[in-house]
Amino acid sequence: MPNVTIIGAQWGDEGKGKVVDWLASRADIVVRFQGGHNAGHTLVVGNQTYKLSLLPSGLVRGKLGIIGNGVVVDPFALLAEIGRVTAQGLKVTPETLRLADNAPLILPLHAALDSAREAARGDRRIGTTGRGIGPAYEDKVARRAIRVCDLAEPETLSAKLDELLLHHNTLLAGLGAPTFDKASLLASLLELAPAILPFAEPVWERLADAKRRGDRILFEGAQAVMLDVDHGTYPFVTSSNTVAGTAASGSGVGPDAVGRVLGIAKAYCTRVGSGPFPTELTDETGRLLGERGHEFGTVTGRRRRCGWFDAALVRQAVKVGGIDGLALTKLDVLDGFAELKIGVGYQIGGKVYKHLPAGVAAQAAAVPIYESLEGWGQSTRGARSWAQLPASAIKYIKRVEELVEAPVTLLSTSPERDDTILMQDPFSN
Ligand code: IMP
């Protein structure tokens, strides 16, 4: 029985929460392997809506959740989120949640630096979530991060804070932002340590045991391929690798454990934050997509930019992300349009491209080449079989498959868990 890795195939917010939740019910363990509390996964279960940022979605289904070493963990945000979902009736204990002891921490100074730098960028801002994700990953690579395990060693923590504050206070002061006081930061970390440490362990050991037993592991990606720090629309990206290969390095398993890779894509396209978006629609159609799709960020509350499905972009995500099959979500948002468009490539400076080139200016100048398809009048909302889909909706899906060079193996037709059409079970052999 293979494991399954789920990643976003566009710019995030593709509806991963629902698909992860659905697959989590059939997995034994759900693992987060990159990103942090910049992610926002909404899960609708019965009459409860859970908004998760850092916790693995499987917790909602009573499955063991693991936060891997590739995640940047804000311990204050983690405890707050545990408090929130506990109030909704979920059980989050060291029996149900494990945290990599070598995961780097996000501290309040990271969020402060994130915001100060964004403010200083002005019009050139990235549009980050302001959660300190980028600065925390920078500290990890620069070898000065404070990690979960440091909470158990007060002397190490104190010495590492000196190094960290030397760096950050210099930067913050230079940006005209308030600096941080070591004594109060150290005290707050030592105060929360007893609440965090019971969750900490070498999770790679637990995952190795799970693999030996043949447990089903679901790796839950956050953000999406076009926000990948290498493969995305750099510099308008997040600071982690979001492709499927990261599931291995971000949790401490070998590459064979990644298993089948399911990419999630909306039947149209959205993006929050700044950066290129060739098929963006700033007209009435774009507004309508946003309204029908309830396109507001889970984490930021910001309105998402909307546009037509960009098959050239998703094809690129399929290739670099290692996607075996695609879950297409929110098909029902396209109901009622007389004509639909799909981006199949780009015109840039008189040249035609089948992919989005890496250059910033080239990406900004990319004009999409569209293919038109006939829309459908009937509602697809809540459809649970192919037979319930209009012929032109099936044509649309088939054309998507051809263009992105991957099969659509799952179709989601409403936020409800059961409104799903499964063509191929990713957990099956
Ligand atoms: P950061 O991850 O907060 O540094 O933000 C970098 C970029 O990634 C910004 O454009 C954010 O809007 C975007 N981003 C980060 N997390 C998510 C997400 O979960 N969904 C969609 N966009 C995200």
Side-chain angles (χ1 to χ4, degrees), residues 6-20 32-43 51-57 70-74 77 81 104 106-108 110-121 123-141 220-243 246 250 263-266 268-277 280 290 293-307 313 317 329-330 360 363-364:
I6 290 190
I7 59 172
Q10 292 158 325
W11 280 291
D13 311 310
E14 295 92 351
K16 286 191 282 295
K18 169 181 161 175
V19 181
V20 170
R32 277 283 307 270
F33 56 90
Q34 49 72 228
H37 65 313
N38 50 347
H41 291 175
T42 305
L43 286 88
K51 288 189 184 296
L52 303 181
S53 277
L54 196 50
L55 292 172
S57 301
V71 175
V72 279
V73 180
D74 181 329
E81 191 171 328
I106 300 183
L107 301 180
H110 292 117
L113 183 61
D114 196 355
S115 301
R117 278 203 305 225
E118 280 286 271
R121 282 187 188 113
D123 284 352
R124 298 165 78 96
R125 69 183 174 276
I126 292 162
T128 71
T129 58
R131 304 271 160 116
I133 307 295
Y137 275 117
E138 289 166 31
D139 281 346
K140 167 177 162 169
V141 177
E220 176 183 9
Q223 291 84 47
V225 175
M226 285 302 141
L227 289 172
D228 182 284
V229 68
D230 285 291
H231 299 288
T233 46
Y234 192 92
F236 302 98
V237 293
T238 192
S239 298
S240 63
N241 283 109
T242 56
V243 293
T246 316
I264 320 287
K266 270 180 203 166
Y268 52 102
C269 198
T270 66
R271 163 161 217 177
V272 284
S274 333
F277 181 174
E280 181 173 13
H294 306 289
E295 297 297 354
F296 293 93
T298 312
V299 168
T300 57
R302 278 183 280 172
R303 183 182 278 278
R304 297 182 186 132
R305 301 153 66 192
C306 297
L313 195 89
T329 63
K330 295 184 130 179
V360 174
Q363 290 188 353

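Remember, it's 1-based here, ligands and their atoms both numbered in the order they're listed. Residue numbers start at 1 and run along the sequence shown.
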Is there a heavy atom in [X] that sits closer than 4.0 Å to ligand 1?
X	value
Ala39	yes
Phe236	no
Gln223	yes

Should [X] be counted as touching ligand 1, given the test is an N or O pair under 3.5 Å?
X	value
Thr238	yes
Arg271	no
Arg131	no

So which heavy atom on Ser274 is nearest to which on Gly127, and how close? OG-N, 3.7 Å
Nearest heavy-atom contact between Ile7 and Thr242 is CG2-O, 3.5 Å
I'd like to check Glu295 versus Lys330 (side-chain heavy atoms, cut-off strictly below 4.5 Å). Are they in contact? yes
Has [X] got a side-chain atom pairing as donor or acceptor with [Y]'s backbone, closer than 3.5 angstrom?
X	Y	result
Lys16	Thr42	no
Asn241	Val243	no
Arg271	Trp11	no
Asn38	Thr129	no
Glu14	Gly12	yes

Taking 4.0 angstrom as the limit and counting only heavy atoms of [X], give me the atoms of ligand 1 inside it, by number and element.
X	answer
Val237	6 (C), 7 (C)
Trp11	21 (C), 22 (N)
Ile126	10 (O)
Val272	10 (O), 12 (O), 21 (C), 22 (N)
Leu227	8 (O), 13 (C), 14 (N), 22 (N), 23 (C)
Asp13	20 (N), 21 (C)
Gly127	9 (C), 10 (O), 11 (C), 12 (O)

Derivation and outcome, side chain to side chain contact (heavy atoms under 4.5 Å, CB included), residues His110 and Asp114: CA-CA 6 Å; His110 292 117; Asp114 196 355; over 6 Å; no
